[in-house]
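The figures that follow rest on heavy atoms only: side chains count, while hydrogens, waters and symmetry mates do not. Please read all numbers here as calculations on a predicted model, not as lab measurements. Starting from 1, each residue takes its place in the sequence as its number.
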Amino acid sequence: MIFNNNKAPQAINIPFNWVADYFDGSYLSEYDFQSHKPNNFYTVKQDFTLRFGLIGQGMKMYFDNTDGSFHLNGRKVDIVYEFEGKQYVLTCNNEKKDFITYKQAFTEYNNREGRQRSNIESINFGYKTVYKKDDIEMFFQPVVSLPFDSKAFIEIKLTSNKEMNGELVFISRRKEIERFKAPLQVNTSGNMKWTIK
């Protein structure tokens with residue numbers, strides 16, 4: 001397992017590589033650490049993954065597949081939706097998660113040059129899932145973004161089967177860090193970006 005080790009391996013070819021730690025102690029990484037050959041993200045065994053995230057620059061950032069809590073360079077971060085005195089701990093649910101990872105990049109086109117080079121702006125990871133409690137169902141998609149020219153943030157997409165005039169709360173080390181008004185209309189996506197503090 002990579003995320004359990006005190007020291008993570010160096011990322012290969014780019015500043016951060018994705019890694020899937022499996023329940024049996026093995027792992028799959030974006031690049032093989034010995035041969036440097038790439039692995040295909042679509043071969044990740046998501047149902048057998050304990051943790052998924054990024055390593056690089058001396059950092060480890062991942063989420064636990066069992067509940068969805070984020071661990072960002074040694075700090076646990078959870079996301080809660082509060083409505084009418086109830087807490088819906090979105091990052092603590094046992095529903096199936098579909099993993100997400102992608103690189104945001106751009107290419108400056110020049111028709112005089114042959115091959116163009118892509119410039120990566122950010123590397124991202126997260127998941128999408130459905131949170132269920134009582135008669136509430138929420139589509140929840142948190143994605144951690146590591147831009148190269150600004151602070152890291154979590155982009156949240158949230159959709160509910162009921163109208164809710166609640167608040168989105170960010171918690172770390174059992175303490176509230178920040179909260180935001182987050183009204184939700186039925187089956188309409190609400191989106192926000194939270195700078196990681």
Side-chain angles (χ1 to χ4, degrees), residues 1-9 11 16-30 33 39-56 59-83 86-102 123-146 152-161 166 168-179 182 189-190 192 194 196-197:
M1 288 192 182
I2 297 296
F3 294 117
N4 257 6
N5 293 341
N6 289 334
K7 189 173 180 185
F16 296 95
N17 295 154
W18 58 257
V19 174
D21 270 351
Y22 293 137
F23 284 105
D24 66 2
S26 63
Y27 65 87
L28 182 71
S29 55
E30 185 168 1
F33 294 121
N39 288 306
N40 189 328
F41 169 71
Y42 296 104
T43 63
V44 172
K45 295 181 255 180
Q46 295 192 21
D47 291 341
F48 299 101
T49 299
L50 178 61
R51 300 177 188 95
F52 181 82
L54 301 176
I55 56 139
M59 295 185 276
K60 295 184 279 186
M61 299 191 193
Y62 62 90
F63 65 84
D64 283 319
N65 192 27
T66 51
D67 67 2
S69 294
F70 284 94
H71 298 264
L72 306 176
N73 208 25
R75 191 166 145 224
K76 185 178 177 189
V77 174
D78 282 304
I79 303 168
V80 174
Y81 191 83
E82 282 191 8
F83 175 61
K86 287 188 179 179
Q87 285 196 336
Y88 303 91
V89 187
L90 301 172
T91 48
C92 288
N93 85 64
N94 298 318
E95 298 296 330
K96 181 175 175 13
K97 291 157 196 67
D98 291 322
F99 300 178
I100 297 169
T101 187
Y102 64 92
I123 298 178
N124 310 271
F125 79 98
Y127 60 88
K128 58 185 177 181
T129 189
V130 176
Y131 175 90
K132 297 174 185 174
K133 183 178 180 180
D134 303 325
D135 60 345
I136 302 290
E137 279 192 19
M138 294 186 201
F139 170 82
F140 176 54
Q141 180 177 299
V143 174
V144 174
S145 182
L146 304 175
F153 61 87
I154 303 177
E155 185 170 10
I156 294 111
K157 188 183 289 185
L158 190 61
T159 308
S160 175
N161 66 335
L168 209 53
V169 184
F170 295 86
I171 295 171
S172 180
R173 298 184 178 112
R174 299 182 183 168
K175 292 183 181 176
E176 181 179 315
I177 306 168
E178 210 163 3
R179 73 169 51 223
S189 176
M192 76 163 292
W194 177 70
I196 297 169
K197 303 202 171 27

Checklist line | Short side-chain donor-acceptor distance under 3.5 Å, Ser69 and Asp78 | finding: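 A donor-acceptor contact under 3.5 Å links the two side chains.
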
Next item on the list: Using the ring of Tyr88 (Phe, Tyr or Trp, six-membered ring only), decide whether Lys133 places NZ or CZ under 6.0 Å from its centre and within 45 degrees of its axis.
Entry: yes

With side chains defined as the heavy atoms from C-beta onward, is the minimum distance between [X] and [Y] less than 4.5 Å?
X: Tyr62; Y: Ile55; value: no
X: Val80; Y: Ile171; value: yes
X: Thr91; Y: Tyr131; value: no
X: Val19; Y: Leu54; value: no
X: Arg179; Y: Leu168; value: no
X: Leu146; Y: Phe16; value: yes

Give a yes or no on whether the ring-centroid distance for [X] and [Y] is below 6.0 angstrom.
X: Tyr22; Y: Phe48; result: no
X: Trp18; Y: Phe125; result: no
X: Phe99; Y: Phe52; result: yes

[Y] backbone acceptor or donor facing [X] side chain under 3.5 Å:
X: Asp21; Y: Ile2; value: yes
X: Lys97; Y: Glu95; value: yes
X: Lys60; Y: Asn5; value: yes
X: Asn40; Y: Tyr42; value: yes
X: Asn17; Y: Glu30; value: no

Check: Checking ring-ring contact (aromatic ring centres under 6.0 Å, His included) for the pair Tyr127/Phe63: CA distance, chi angles, key distance, verdict?
Finding: CA-CA 9 Å; Tyr127 60 88; Phe63 65 84; 4.7 Å; yes

Quick check for you: to the nearest 0.5 Å, what is the distance between [X] atom [atom1] and [Y] atom [atom2]?
X: Leu28; Y: Thr49; atom1: CG; atom2: OG1; result: 8.5 Å
X: Lys45; Y: Ser26; atom1: NZ; atom2: OG; result: 6.0 Å
X: Phe41; Y: Thr101; atom1: CZ; atom2: OG1; result: 6.5 Å
X: Lys76; Y: His71; atom1: NZ; atom2: NE2; result: 5.5 Å
X: Lys157; Y: Met192; atom1: NZ; atom2: CE; result: 14.5 Å
X: Thr43; Y: Gln46; atom1: OG1; atom2: CD; result: 10.5 Å

Check: Out of Ile156, Val89, Val169, Leu90, which residue meets the side-chain contact (heavy atoms from CB on, under 4.5 Å) rule with Tyr81?
Finding: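 Of Ile156, Val89, Val169, Leu90, side-chain contact (heavy atoms from CB on, under 4.5 Å) with Tyr81 is met by Leu90 alone.
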
Exercise answer: donor-acceptor pairs, residues 134-145 side-chain atoms, under 3.5 Å, sequence neighbours excluded:
residue, atom, partner, partner atom, Å
Asp134, OD2, Lys86, NZ, 3.3
Asp135, OD2, Lys162, NZ, 2.3
Ser145, OG, Asn124, OD1, 2.6

Next item on the list: Would you name the heavy atoms of Met1 and Tyr27 that are closest together and state the gap between them?
Entry: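 What the structure gives for the nearest pair is N-CD2, 4.4 Å.
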
Item checked: Derivation of the side chain to side chain contact (heavy atoms under 4.5 Å, CB included) call for Lys96 and Val130 -> CA-CA 8 Å; Lys96 181 175 175 13; Val130 176; over 6 Å; no

